[in-house]
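Right, one structure below, let's go through it.
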Amino acid sequence: MKYAFSFLAVIALILIAGLGSQIPGMQYFFGVAIPYLAIMLFVGGFVYRVMQWAKSPVPFSIPTTCGQGASLDFIKQDKLDCPSKTSEVVARMFLEIFLFRSLFRNTKSEIHDGPKISYESSKWLWLFALLFHYSFLLIVIRHMRLFIDPIPFWLSAIEGVDSMLQIGAPTLYLSSVALLGGIALLFGRRLVNPHVRYISLNNDYFPLVLIFAIGLTGILMRYFLRTNIDIINIKNLAMGLVTFSPVITVKIGAIFYIHLFLVSTLLAYFPFSKLMHMGGVFMSPTRNMANDSRAKRHINPWNDPEIKPHSYAGYEDEFREFMVDAGIPVEKELSAAKDEA
Amino acid sequence: MYNKGTIIPGLIIFVLFVTFPIWFNGLKAGTLPKPELPPGGEKKCVMPVEYMRANHMQLLNEWRDNVLRDDNRTVVTVEGKKYRKGLQMACMQCHSNKEKFCDNCHAYTAVKPYCWDCHLTPKEAALKEETH
Amino acid sequence: MAVPKLEQLSKSVVQGPSLATGAVPTKDWMDIPAIFKPGNYAYPAKQEKVAYLNSQKDLHFPNAREWSPEDDDWKLPEDWKDIILKGLKERLDKFRSLKIFMDCCVRCGACADKCHFFLGTGDPKNMPVLRAELLRSVYRNDFTLGGKLLGAMAGAREMTVGVLKEWFMYSYQCTECRRCSVFCPYGIDTAEVTMMLRELLHLVGVGINWILEPASNSNRTGNHMGLQPHTFKDNVDFLADDVENLTGVKINHSFNRKGAEVLFITPSADVFAEPGLYTAMGYLLLFEHIGLDYTWSTYASEGGNFGLFTNNELMKKLNGKMYAEAKRLGVKYIIGGECGHMWRVVHQYMDTMNGPADFMEVPKSSITGTTFNNAASTKMVHISEFTADLIKNGKLKLDKSRNAHVKATFHDSCNPARAMGLIDEPRYILDHVLDNWVEMPENTIREQTFCCGSGTGLNTDEIMELRMRSGLPRANAVKHVIDKHDVNTLSCVCAIDRATLTSLMNYWNPGCNVCGVSELVGNALVMDGENRQELDEGLRTLV
Amino acid sequence: MDKQRRKFLKIAGATALAGIGAPALVRLTSSTALASEHGAAVEGHAAEAAAHGAHVEAVPQGVRLGMVIDMRKITEQPELLDHAIAACNNAHNIPQFDNRKSEIKWIWKAPFENVFPGESSYHLAKKVEKTDFAVMCNHCDDPPCVRACPTQATFKVKENGIVAMDFHRCIGCRFCMAACPYGARSFNWEDPRPYIKKYNKDFPSRMRGVVEKCNFCGERLALGQEPACVEACKGTGAMVFGDLNDAKSEIRQVLDKEFTIQRNPSLGTKPSVFYIV
Amino acid sequence: MKLDEAFRNYREKIVDRWVEYTLSTYKSSSFFIKEKDKFANPVGGNTREALDALFGLLAKNADPQEFVAPLEQIMRIRAIQEFAASVAVGPIHAVKHITREILSKDKERCHLVQDLYDFEFAVDLAVLAAFDLYMQCRERLYQVRIQEIKTGNYILTDSKCPTNLLKTNIQESLKTVENH
């Protein structure tokens with residue numbers, strides 16, 4: 001029961017923060033020390049991991065071509081799926097990163113009487129993934145309101161759009177609903193779909209459960225467990241953190257520390273887990289290279305020029321007699337070769 | 001390290017994005033907003049201060065439903081003074097300066113309540129009373 | 001009451017419990033060992049072949065020995081584990097792709113049902129994601145912080161002989177066709193993973209004969225078949241004679257001729273094995289038709305490159321002959337015949353490994369005047385590009401009715417489709433040499449094409465069942481167009497396809513021929529001064 | 001009973017035209033029968049009608065607020081209606097637009113043939129023809145707008161039968177406007193604030209994109225006051241407001257005494273506003 | 001003719017169970033069962049198609065000759081998968097048990113179970129035919145192997161020393177190719 005372990009782990013984290021933050025003096029630990037540590041691990045770890053990747057070269061040009069490449073004038077190139085210029089690569093990567101194009105590619109065929117085949121797309125995974133990632137991004141951006149002052153126009157605009165439906169007070173964020181919905185579906189898929197369940201590891205369930213718990217604690221804090229949740233105090237702490245002058249002067253509800261601790265865990269966990277796909281998606285050589293390897297020479301830094309083919313001279317030496325017999329031109333005539341020998 | 005030309009700028013953009021609050025604020029934490037207390041000198045609100053700080057929006061919502069939907073328009077009494085439930089009719093009676101009382105904190109936390117789309121601040125209300 | 005009886009029905013009384021478990025495996029995949037039985041593995045490489053390769057300069061094929069996958073003891077070198085882990089470290093440092101693919105997979109499952117091996121066998125370890133996990137679990141254990149700290153919790157596991165055996169089993173149940181990569185949101189390419197697995201296995205002397213023997217042949221004689229120069233020449237001469245018999249046209253071809261404009265290289269299977277040799281006859285007719293100044297080479301007589309299926313060094317060494325020969329003969333550019341993995345090497349690796357080819361000129365067709373800018377650096381043009389250009393410029397006299405016996409469909413070979421983007425050129429040619437031809441279902445062609453099931457050196461007969469299983473998705477799609485459109489010919493641009501699809505069709509869809517696109521071109525060409533016999537089966541007609 | 005039959009035929013024709021099937025016809029006619037029964041009761045058969053009505057629907061319970069507009073009084077003093085409208089505008093911060101499209105109407109004036117399109121206006125009494133009728137939301141007992149509202153922004157107050165609106169919830173879909181057969185609802189096409197002449201600081205304004213209508217002065221009733229329009233006509237009896245279910249109320253006295261008509265009763269919405277013509 | 005009607009009514013249910021049972025002999029059975037796209041799931045798709053057709057034939061007591069087409073569709077697949085012959089053929093039997101079970105659960109029709117003799121006999125014939133087809137497929141597979149050797153592919157691996165081969169083996173095998 002791999003997913004059960006993830007639940008236990010997250011419950012343990014919640015207990016640690018919930019109880020720990022109530023011990024006098026520990027607020028500073030949970031409110032300041034842990035977040036600092038987490039963000040340092042996140043940024044440092046992320047940069048470190050990307051640098052580690054960058055240390056290895058891309059020896060060969062190996063784009064996966066998903067359409068017709070650039071060739072003759074009258075053959076139409078599929079510029080997005082088989083890019084040959086940097087601009088086309090950028091377009092391909094953009095669609096890949098922002099619209100998850102590869103996941104969108106799934107098609108299913110159905111045979112009808114006739115027999116006729118029709119195609120429909122099977123795009124649930126794509127939809128859930130898109131929903132989840134975009135709401136996550138929106139939520140991260142939205143939280144910036146707690147970290148910056150004065151708040152720029154665009155941030156208020158995002159906030160406004162996200163709470164467009166004006167449901168309840170404080171207003172319900174659409175992104176919160178989308179995040180929990182998306183994550184529940186991604187999680188449910190891992191449980192219900194037998195082959196996805198079979199390939200899933202602990203480290204697939206854990207981030208899902210963790211992010212779900214983060215969303216849930218956030219919602220609880222915003223709408224339900226409001227005791228000692230005064231956003232002014234919370235922003236004061238957040239602003240203190242980003243201006244390196246953290247202060248905790250007032251009592252803040254335990255739910256806030258739980259939320260913060262879970263976020264810190266996620267940040268610290270991020271660079272050392274599969275969540276690094278956030279950086280990796282930019283660096284995948286099968287996607288971020290132009291299919292121009294015949295038009296432009298790609299350089300492999302560790303290419304060993306000393307590796308030479310079995311030489312023609314050696315080949316001719318071995319088979320000269322037969323070659324001459326068969327009338328195949330040779331570099332050295334039989335007699336000359338013999339003379340040399 | 002290979003592909004420095006794209007990876008390093010990429011990482012810089014990433015770090016700038018993550019540390020956005022730090023350089024945006026320029027290490028200035030800004031001043032903590034302090035809502036102005038009622039100019040009329042009232043000391044007591046319908047609920048304790050701590051509760052109001054955290055829950056005023058929920059209280060207003062509750063009132064709204066009481067008044068509009070449940071036909072429960074009971075009057076609130078604070079220190080002997082009676083108020084009809086309602087933003088304009090109760091809250092703004094004491095906290096008559098919306099800019100200094102409400103907006104102060106709301107602007108600080110990017111909360112844009114849609115109350116004022118319809119409800120009139122005392123200032124607005126006064127504006128068109130005079131012209132008449 | 002009825003259920004237990006039904007369960008008994010699915011158990012073999014004679015052989016004991018079969019692989020058919022009757023359910024999704026309840027055990028975790030890490031706990032299911034790979035079991036080798038006759039028919040599910042390709043024979044290990046012969047000792048002398050490994051020793052020969054190891055004796056070559058720059059090559060490293062240690063631990064040549066007699067061994068069998070069925071034995072418990074694979075006679076691995078004592079420090080095999082160190083060798084593997086060191087090899088893995090070295091490759092992580094050499095290939096960014098490997099690092100990224102090890103780190104980024106989120107196990108979303110998008111690839112799971114895209115692999116023809118999985119679709120044909122139902123073995124979960126044939127899901128691309130799990131195939132990669134076989135390596136990833138070891139990588140996590142020894143190269144990541146999470147794996148070191150949390151072990152199995154983080155999906156890590158110790159490198160053991162059992163894991164090694166699993167690697168052998170599943171890296172040779174992958175044809176590096178890249179179909180999974182198309183659907184992966186990060187473009188994770190199982191082909192890259194499989195290549196690394198195979199490289200690592202070679203470090204401890206674990207390889208299969210069907211790859212290493214052709215590779216050593218190729219190194220020595222220039223081609224997989226081990227054909228020596230005169231034999232190779234004889235074969236081509238035979239084909240030229242056949243062409244003359246059939247069409248009355250004398251073919252002028254030459255070998256190792258210095259000063260020719262073009263060097264022509266094609267997989268040796270085309271000049272030797274059926275049905276590839278009809279394709280070769282097609283080449284001969286085509287070049288004769290346009291009067292191309294070209295030469296064959298006996299030294300670089302192999303387009304294919306089994307080095308791709310072993311390791312980088314061997315791939316480079318084998319490939320080097322193409323440029324070496326082009327330079328020696330002083331040709332202006334190279335034309336390459338129809339082949340899948342050959343073109344993967346030529347397109348994505350050759351210039352990088354053995355270039356720059358500055359002793360040649362940017363390919364420019366002397367017949368049409370077209371400059372092939374897409375091959376400006378590599379200086380090697382695909383025969384389909386070359387032919388399509390000829391057709392476009394009206395340089396070929398074609399009579400579609402000569403292909404009246406053919407009702408074709410087109411199989412996109414994995415490498416041209418997914419590693420090169422050569423998809424529409426062959427179709428353009430087919431449009432001009434056939435009256436009509438049909439496409440197979442949309443999710444089985446172009447970049448979504450299903451592999452023949454026997455690529456990457458797996459077309460050996462000891463694993464025939466396995467090949468039939470993995471080829472089922474392809475054969476199934478062919479069957480659909482056979483039933484619906486009476487298709488009788490499966491055309492392709494790949495020599496391995498021509499060999500393996502023939503067997504595949506023989507089993508699944510008897511009566512369906514396999515041919516190269518150039519064979520169909522050869523069929524349709526109206527030659528000057530021809531004295532053509534009644535060829536109701538085109539170049540295949542027996543006279 | 002000639003009159004009743006005529007009505008029945010008319011409805012049958014209307015429903016046939018509308019293509020509504022038989023069951024709907026039965027339902028509609030039975031409820032109209034009730035409405036005409038009401039009319040009959042006004043004609044002086046009160047006891048009989050009450051007994052009759054009890055068969056058709058449950059005995060009315062609780063408070064149901066309604067209004068009688070005595071057009072005879074308004075014809076005599078047309079300025080009464082202007083006062084009533086002005087009072088309403090002031091009380092509810094209703095904007096005054098110049099163009100008709102943007103117009104916001106809670107209580108407004110309309111000619112007889114528009115108010116009672118079902119009645120014949122052939123050879124109408126000259127005084128009726130020339131008088132503007134006071135029109136407002138009918139606060140129907142069975143309001144179609146409430147059924148149409150997807151967010152329950154429009155709802156029926158259980159305690160007093162007012163068809164009320166919660167502007168906070170209105171999403172501006174305008175389904176209610178389509179549903180209301182009396183055109184009693186207005187949509188804020190523009191921001192109303194610049195067009196409000198004078199603010200009532202105890203009442204909110206509305207924002208762009210919200211539908212609004214007469215609320216029977218729910219906020220004034222809570223303070224024990226009469227609706228603004230009724231107050232504006234105080235002492236004239238032009239507008240009488242009260243509980244339709246209270247037999248002793250002033251409005252019932254008027255209804256029992258006078259012949260009244262309702263707007264388009266055949267639709268079965270059971271309006272709460274009655275007219276003495 | 002009541003049995004006919006029962007077959008018609010229960011066809012979908014019986015075939016579903018039968019397909020499910022047949023596919024459950026695979027490791028990733030759930031994928032094979034769930035995925036309905038015939039091209040994305042050839043094993044499941046063909047099994048479903050063939051069993052449905054076969055059931056139609058069995059139920060109407062068709063000429064056993066007609067069993068061949070659908071049976072071949074299945075046996076061709078199962079013959080090359082890692083099944084013992086008995087397991088490869090076994091699921092064809094299963095329809096007997098499934099039909100009995102489903103009919104006996106229906107109170108109104110449980111008496112029909114006694115009339116199943118003809119149907120079950122037809123199933124037995126189908127199983128026997130399946131054995132034949134299984135063997136034919138295996139035979140075919142060996143033919144394919146031999147064919148491959150004949151076409152010359154084996155030279156890739158079974159050449160010994162190229163120089164030795166030169167004069168003897170290759171020339172001989174060349175001739176076989178030419179003759180072929």
Side-chain angles (χ1 to χ4, degrees), chain A residues 39 42-43 46-47 50-59 140-142 144-152 155-156 158-160 163 166 168-171 223 226-236 238-247 250-251 253 267 278-279 282-283 288 301, chain B residues 1-35 47-65 87 103-115 117-118:
Chain A
I39 195 75
F42 175 67
V43 177
F46 194 102
V47 172
V50 173
M51 302 279 264
Q52 280 304 107
W53 288 335
K55 266 192 186 166
S56 301
V58 178
V140 169
I141 294 176
R142 227 178 50 204
M144 284 300 133
R145 77 184 172 116
L146 299 175
F147 295 94
I148 58 179
D149 187 57
I151 291 160
L155 193 54
S156 315
I158 289 175
E159 180 95 6
S163 51
Q166 302 186 335
T171 45
Y223 303 103
R226 293 196 59 93
T227 319
N228 288 323
I229 300 299
D230 177 3
I231 193 167
I232 298 294
N233 296 335
I234 290 173
K235 178 154 183 180
N236 192 25
M239 287 301 290
L241 287 172
V242 295
T243 52
F244 303 109
S245 50
V247 276
V250 285
K251 193 170 158 52
L267 286 174
M278 175 181 162
F282 289 90
M283 294 181 69
N288 71 7
Chain B
M1 185 167 163
Y2 300 92
N3 303 93
K4 282 186 198 154
T6 42
I7 291 174
I8 290 181
L11 278 177
I12 289 173
I13 289 170
F14 169 76
V15 172
L16 284 180
F17 184 79
V18 173
T19 56
F20 167 73
I22 297 175
W23 52 264
F24 183 88
N25 292 324
L27 294 187
K28 284 196 293 288
T31 41
L32 202 60
K34 243 193 136 81
M47 286 289 208
V49 176
E50 280 312 309
Y51 180 87
M52 287 309 281
R53 284 188 79 122
N55 300 70
H56 61 276
M57 70 300 277
Q58 289 180 334
L59 183 80
L60 282 170
N61 248 16
E62 224 171 87
W63 278 13
R64 180 183 78 191
D65 286 346
L87 184 60
D103 293 354
N104 228 350
C105 295
H106 287 164
Y108 182 63
T109 54
V111 175
K112 271 219 182 115
Y114 52 99
C115 312
D117 290 347
C118 300

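Residue numbering restarts at 1 for every chain, and letters A, B, ... go by the order of the sequence lines. Just so it is clear, the values below take in all heavy atoms, side chains as well, and ignore hydrogens, waters and symmetry mates.
Contact count versus chain B (heavy atoms, under 4.5 Å) is highest, among Lys235(A), Met239(A), Lys55(A), Arg145(A), for Lys235(A). Counting heavy-atom pairs closer than 4.5 Å to chain A, the top-ranked of the candidates Thr6(B), Ile8(B), Val18(B), Asn3(B) is Val18(B). Of the residues considered (Asn236(A), Leu241(A), Ile234(A), Val43(A)), Asn236(A) shows the highest number of contacts with chain B, using heavy-atom pairs under 4.5 Å. For chain B, the option among Asn233(A), Asp149(A), Val140(A) with the highest count of heavy-atom pairs below 4.5 Å is Asp149(A).
Interatomic distance, CG of Asp230(A) versus OH of Tyr51(B), reported as 13.5 Å (0.5 Å rounding). Put simply, CD1 on Ile232(A) and OG1 on Thr109(B) are 5.0 Å apart, with the number rounded to the nearest 0.5 Å. With rounding to the nearest 0.5 angstrom, the CD1 atom of Ile231(A) is 9.5 Å from the NE2 atom of His106(B).
For Ile151(A) against Ala107(B), the heavy-atom pair with the smallest separation is CD1-O, 3.5 Å. For the pair Asn25(B) and Ile148(A), the tightest heavy-atom approach, listed with the atom from each and the gap, is OD1-CA, 3.3 Å. Across all non-hydrogen atoms, the minimal contact from Tyr2(B) to Ser56(A) is CD1-C, 3.6 Å.
Looking at Arg226(A), its side chain never comes within 3.5 Å of a backbone N or O of Asn55(B) through a donor-acceptor pair.
Between Val111(B) and Pro170(A) the shortest side-chain heavy-atom distance does not fall below 4.5 Å. Glu50(B) places none of its side-chain heavy atoms less than 4.5 Å from the side chain of Lys251(A).
Heavy-atom distances place the side chain of Phe14(B), and not its backbone, under 4.5 Å from chain A. For Lys28(B), the part lying under 4.5 angstrom from a heavy atom of chain A is the backbone only. Only the side chain of Phe24(B) comes within contact range of chain A, with heavy atoms under 4.5 Å apart. Contact annotation for Phe282(A): neither backbone nor side-chain heavy atoms come within less than 4.5 Å of a heavy atom of chain B. Using a 4.5 Å cut-off between heavy atoms, Ser163(A) makes no contact with chain B at all. If you measure heavy-atom distances from Ile39(A) to chain B, the contacts under 4.5 Å come from the side chain alone. Residue Ile22(B) touches chain A through both its backbone and its side chain, counting heavy-atom pairs closer than 4.5 Å.
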Full working for side-chain contact (heavy atoms from CB on, under 4.5 Å) between Tyr114(B) and Thr171(A): CA-CA 10 Å; Tyr114(B) 52 99; Thr171(A) 45; 3.8 Å; yes
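Counting heavy-atom neighbours within 6.0 Å of Met1(B) CE, excluding the residue itself, gives a total above 12.
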